[in-house]
Amino acid sequence: MTRIGLEIHCQLTKLESKLFCSCKAEYRNLEPNTNICPVCVGLPGSLPMLNKKAVEKAAMISLALGCKIPEQIGFFRKNYFYPDLPKNFQITQYNAYGPTSIGSDGKIEIEGKQIRIRRIQLEEDPGRLVYEGKSMLTLVDYNRAGTPLVEIVTEPDFETPKQVRVFLNVLADLVENIGVGDPYLEGAMRVDGNISEGDGNRVEIKNVGSFRDIEKALHFEITRQQSLVERGIEVAAETRHWDEARRITVSSRSKEEEQDYRYLPESDIPIVNIKSQTVNKIKDQMPESIVAKRERYITKYGIPAQVADVLSSDRFYSDLFDKSHNEKNAKEVSNIITTDLMGFADTREKKLELKISPQHISDLADAITTNKITRNSGKLALQEMVKTGKSLADVISSLDLGHVSDVGSIEKIIDEVFKEEEKAVAEARQNPATINYLVGKVMRKTKGKADPTTTLEILRKKLSS
Ligand SMILES: [Zn+2]
């Protein structure tokens, strides 16, 4: 049996400042080593100050994953030597004795399977190494050093790489929904997977940046371990990394044990007491959960379960939905967002570029439900609105998308189609099921503007006469 456990590093990208100093938490797109201070590069004599908001956000993740929040949390020094770690230790949390990490003993259900969360800890991210290919130089950028990170450790409850991927998607949506991070930013969610076959040794795959790659890496690793076992060779306990280019895992070093890190209490940061009132206050501040949102969409608006799934799991689009709809057009608004809008803007960058206001979406839904515009034209109108930010009325007139529903004009077009499509007309007289072909021709001639119901009625009348 395959057993997989995960350690997920999730950046708290919505914070203003780093975990222990007032440098900016946002380190991306800055000149190297410009977002640093004595604290985050660990100069002698500098003293860290814990960012209270980071503790609150980490507590939110803990609560969302059903973890217990302890009455006291504390910080530890995890000692190791690596050029991206300026202090030669990382300030993190550790459950040894006394004050513990910000969360433990949680669970989350995915596809009917329960995944237990062992521990959630708040810690600092190290800096970044930049490899200069040609010159063989390795440079170091400390802008990221000290930015707040939450590590989520699961029990080895996964049996397949696919379960892992589903879980990671659910987790990413959850982190985005509670407004603590932006998991779809590059490097904002990194995964270590540990994996073992039967009673064999555990192998850890370190620091995989994309969910697709962790799934592939785990697949590779299962095959590798199973083939070793079949040949009677013991799987070595080790750390491996995922070589993206070659699509294999490669041995990087023998695995460290916990004692290798020489955990020491971080005496520069006092123990933090967390009162139950504080936990209750944080609970009150948490936004509606994805599960509750989904339920509301189904029961209150009659939105089909599949559509409600897609809509509720995306914070950006569910916010847009909640701001756009009224009592009458909710279902149509959900259609527009999940079928059309999500199709145009399927990446984070494209989402941010959308020039759409909730009013525009609501207007469009009203126009479609009252037959002022066909669904096809609606799609074109939406495309234009998100590109230009223009109102629906402006877009309809500039693109000439007005609805054709008067019988006279549709009859004229049908007459044209009848002349051009004699064979299809004869066939439709024999076999009414082929009528859709003719409907399609009318739609093409009117660029999708003809009212489908009227078109069908007139077509049927003409065919039977
Ligand atoms: Zn700093």
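In listed order, ligands and their atoms are each counted from 1.
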Y301: which residues meet the ring-ring contact (aromatic ring centres under 6.0 Å, His included) condition with it, sequence neighbours left out?
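ring-ring contact (aromatic ring centres under 6.0 Å, His included) list for Y301, sorted by chain: F321, H325.
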At a cut-off of 2.8 Å, protein N/O/S around the Zn ion (ligand 1) gives C21 SG, C23 SG, C37 SG, C40 SG
Going by atom types only, do T239 and K206 share a side-chain donor-acceptor pair under 3.5 Å?
no
Using distance alone, with no hydrogens and no angle criterion, decide if E266 and Y94 have a side-chain donor and acceptor under 3.5 Å apart.
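On atom types as modelled, these side chains do not qualify, holding no pair under 3.5 Å.
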Which side-chain N or O atoms in residues 102-113 pair as donor and acceptor under 3.5 Å with protein atoms at least two apart or in another chain?
residue : atom : partner : partner atom : Å
D105    : OD2  : K68     : NZ           : 3.3
K113    : NZ   : D157    : O            : 3.2
K113    : NZ   : E159    : OE2          : 3.2

Going by the rule side chain to side chain donor-acceptor pair (under 3.5 Å), which residues pair with Q359 if we only count those two or more places apart in sequence or in a different chain?
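Only D363 meet the side chain to side chain donor-acceptor pair (under 3.5 Å) criterion with Q359.
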Result of checking E124, E151, K78 against T92 for side chain to side chain contact (heavy atoms under 4.5 Å, CB included):
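Only one option passes, and that is K78.
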